[in-house]
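Since the structure is predicted, the reported quantities are computational estimates derived from the model, not experimental observations. Values below: all heavy atoms of this structure, side chains included; hydrogens, waters and symmetry mates excluded.
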Amino acid sequence: METKVSNAPDPYLSHWADAAATKTLAAHPEATRVTVAAGITPSGVVHIGNFREVITVDLVARALRDRGVDVRFIYSWDDFDVFRKVPKNMPKQALLAEHLGRSIVDVPDPYGEHDSYASHHIAAFEGSLAPLGIHPEFIRQSRRYRAGEYADGIRRALAQRDTIRDILNDARERTGARSRLPDDWLPLYGFCDACKRDTLEFTVLDDGDDARVGYKCTSCGHAAEVELARGGNIKLPWRVDWPMRWAAEQVAFEPGGKDHSSAGGSYDTAQHIVRDVYGGWAPEYVGYDFVRVKGRGGKISSSSGDVVTVADCLQIYEPEVLRWIFVGTRPNRELQISFDLDVIKLYEDYDRTRRLAYSAPAEGGKKAERAEKKRLAAQRTMQLSSVDHRRVEDGARMPFQPQFRHLSMILQIHDGDIDGALHYYEQTGEITDDEDRRLCRQRARCVWNWIERYAPPDFRYRIREAPITRALTPDQATVLGRLVAVLRARPDIDEPSLIPHMKTLCDDTELSNKDFFPLAYDLLIDRPKGPKLTTLVTTMGGARALALLSPSLG
RNA sequence: GGGCUCGUAGCUCAGUUGGCAGAGCGACGGACUUUUAAUCCGUUGGUCCCAGGUUCGAAUCCUGGCGAGCUCACCA
């Protein structure tokens, strides 16, 4: 009997990435090694929307490896594409504009840091993937093409150009397009060896074993013959390029944006081309929706101005939380990245899932069965969200991670001093080991970045640097005097000891704590409200508080 | 014109081979009072878009509508 891919899979493997893995294995039951692929054109800043492509593949790769499959994860940089438009967010617009019509790998880096425009954006993005635990095998298509590695792929496309044209025209017909490819259409694209522009008129000289094409450049008049086997600046157009590479790399899974996904779109025609021209098969496919950004401008588009990168997100989101946002959203749903107050909610949701993952197994009854299912799903979610793909084991201690809101308060009391905030959590006994410390530090960095760059003004405060004096009513003077007396007696008082004093502070006066607190906050942080006063005072230190509180007493 | 996705509580959404409609937030009530949109406990909440069909049984599968959004047909 043949072994099936499992009809009743491990209930733990219940994530959508696991379902995609099951489908992929079902399509290739004989494979010992499975190739999964992502690909992006670095035609501008590579943004968080592009990231969805990569993380989708990364998750499926993990799911496949969890089944014991040997996985090859390739990431194709389509850096041999043409530079069509100068993005508004680039420096040296005029310089870049001169290079329109050339390959992005032949356009200079306007920042002067890398060997090309493409390389600049590639380096930035690759650098931001590493902290997320994503390590694909990067392939630069410009190098493959120029080295002649796709010569046979191009030759076959030329030899069967009528088949390809028919497939593409059929798709146009089915979708009601007006135009058709002419009979002399060729599946070729490329750049002039002299002026580097894409204004070439091709002729096929030989589509057999010694395949050669000739071209004439309409920009500079240069004419040449290219032996495909030697490589050069000749490539296939996208709709043919994609299926050619599926066959070359034996790709078993590759997602695509929704713009590729509809009937008559590139995935549709590529499916036919890979089968009829290359004798291969199309990868299992997941179409994913776009990523929307909230709280930081609206649209993501590399050609318009404001883009949000993975690195931008990592300023605010821990790697695990950023992964979790993508892990928790099915690919076909639109996903939203927020920089406003929603950040807090996202962190709280993440923490809740995390607590559920570390909770004790539920037992007995059908209700418990459901709860157990959710607990396992939370564990799977946490594993896929983790950087090192470590599974949450039953009974494991959950490392400490401070609440976002609370940490934002502690950090502000410490003027953003992360070590100071860590010290606070060490004193409370919540940080107990290096892992706790690492997680706390990591979150503190994100919280502080958020406070400084995105938090609404209401959320921010600073402890006054210089004391001020306020005119006090007799009652206010009495109450403030009592607080000052307490702090003078014990400048190093801890919070539990201070709380009882707060309860008797206003005795025998017309005031209540509620009336008095605004004055205290005003003196300490120049605001009418603030974090819990006892936490504020004990965390900033009695001496520092005294210096700000006592001057008004005259 | 072709195609895809979605429509479930006030809001955001789960609901994975058809089997008692769920979570978070909100709202309401209570406790606490130690105030950034604090914490804890409790309550509330639904014509699963509509109409048919299959089935012992449908949010789930099929058909047909309605509504919303996206996408292709130029290039990548």
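Considering only side-chain atoms of A/Phe290, the nucleotide from B/C75, B/U36, B/C70 that sits closest is B/C70. When distances are taken from the side chain of A/Arg239 to each of B/C72, B/U36, B/U34, the shortest belongs to B/C72. For A/Ser266, the listed nucleotide lying nearest its side chain is B/A76; candidates were B/A37, B/U71, B/A76. Among B/U34, B/C13, B/G24, the nucleotide with an atom closest to any side-chain atom of A/Lys345 is B/G24. Nearest nucleotide to the side chain of A/Asn332, out of B/G24, B/U35, B/U5: B/U5. If you check B/G2, B/C75, B/U36 against the side chain of A/Arg84, the one that comes closest is B/C75. With distances taken from any side-chain atom of A/Tyr461 to the nucleotides B/A14, B/U36, B/G24, the minimum falls on B/U36. Closest to the side chain of A/Ser262, from the set B/U34, B/G2, B/A76, is B/G2. Distances from the side chain of A/Lys374 to the nucleotides B/U34, B/G2, B/G22 place B/G22 closest.
Within the 4.0 angstrom heavy-atom criterion, only backbone atoms of the sugar-phosphate kind lie near A/Pro237; the bases stay farther away. The residue A/Lys514 sits close to a base: some heavy atom pair falls under 4.0 Å. Across all strands shown, A/Leu341 has heavy atoms under 4.0 Å from base atoms, whether or not it also approaches the sugar-phosphate. Contact annotation for A/Arg333: backbone-only contact, meaning every heavy-atom pair under 4.0 Å involves sugar-phosphate atoms and none involves a base. As judged by a 4.0 angstrom heavy-atom cut-off over every strand, A/Asp18 is placed among residues making no nucleic acid contact. Nucleic acid contact class of A/Lys258 (heavy atoms, under 4.0 Å, all strands): sugar-phosphate only.
One cannot find a donor-acceptor pair under 3.5 Å joining the base of B/G3 and the side-chain atoms of A/Ser261. You'll find a donor-acceptor pair under 3.5 Å spanning the side chain of A/Gln412 and the base of B/U36, going by distance alone.
Rounded to an integer number of Å, the gap from CD of A/Glu173 to P of B/G2 is 14 Å. Separating the OH atom of A/Tyr189 from the P atom of B/C74 is a distance of 16 Å, rounded to the nearest angstrom. Distance, A/Lys23 NZ to B/U16 C1': 13 Å, rounded to whole Å. Between the CG atom of A/Leu536 and the P atom of B/U36 there is a distance of 10 Å, rounded to whole Å. Distance, A/Leu168 CG to B/C72 C1': 13 Å, rounded to whole Å.
Within the shown strands, nothing qualifies as a pairing partner of B/A38 under the Watson-Crick or G-U definition with both distances less than 3.5 Å. Shown here, B/U55 forms no base pair; nothing in the strands shown gives a Watson-Crick or G-U wobble contact with both key distances under 3.5 Å. For B/U5, the paired base is B/A68 (Watson-Crick or G-U wobble, both distances below 3.5 Å). Pair check for B/C25 finds B/G10; Watson-Crick or G-U wobble, both atom distances under 3.5 Å.
At the phosphate of B/U34, neither OP1 nor OP2 sits under 4.0 Å from any side-chain N or O atom of A/Thr535. OP1 or OP2 of B/C13 has not a single side-chain nitrogen or oxygen of A/Arg330 nearer than 4.0 Å. Phosphate contact (OP1/OP2 of B/A37, side-chain N/O of A/Lys529, threshold under 4.0 Å): present. OP1 or OP2 of B/C74 lies within a sub-4.0 Å distance of a side-chain N or O belonging to A/Arg172.
For the pair A/Asp289 and A/Ala19, both in contact range of RNA chain B, the more 5′-proximal nearest nucleotide belongs to A/Ala19. A residue-by-residue look at A/Ala263 and A/Ser179 shows that A/Ala263 has its nearest nucleotide of RNA chain B further toward the 5' end.
Residues satisfying the side-chain contact (heavy atoms from CB on, under 4.5 Å) test with A/Gln427, not counting sequence neighbours, are A/His423. Scored by the side-chain contact (heavy atoms from CB on, under 4.5 Å) test, A/Asp268 finds A/Arg174, A/Ala263, A/Gln271, A/His272 as partners (sequence neighbours excluded).
Nearest heavy atoms, A/Ala157 versus A/Tyr278: CB-OH, 3.6 Å. For the pair A/Val274 and A/Ala282, the tightest heavy-atom approach, listed with the atom from each and the gap, is CG1-N, 3.8 Å.
Two rings, from A/Phe125 and A/His121, have their centers 6.0 Å or more apart. Checked against the 6.0 Å centroid criterion, the rings of A/Trp448 and A/His414 do not qualify as a close aromatic pair. Taking the ring centroids of A/Phe202 and A/Trp185, they lie at or beyond the 6.0 Å cut-off.
Nucleotides B/U36 and B/G69 place their C1' atoms 37 Å apart, quoted to the nearest Å. The gap from the P atom of B/C62 to that of B/U17 amounts to 15 Å, rounded to the nearest Å. When the P atom is compared between B/A58 and B/C20, the two are found 12 Å apart, to the nearest whole Å. Rounded to whole Å, the C1' atom of B/U35 lies 23 Å from the corresponding atom of B/G42. Using atom C1' as the reference point in both B/U39 and B/U33, the two lie 11 Å apart (nearest Å).
For the salt bridge (Lys or Arg N to Asp or Glu O under 4.0 Å) test with A/Asp522, the passing option among A/Lys529, A/Arg527, A/Arg464 is A/Arg464; the others fail.
Stacking between A/His260 and B/A76 is present: the aromatic ring centre lies within less than 5.5 angstrom of the base six-membered ring centre, and the two planes differ by under 30 degrees.
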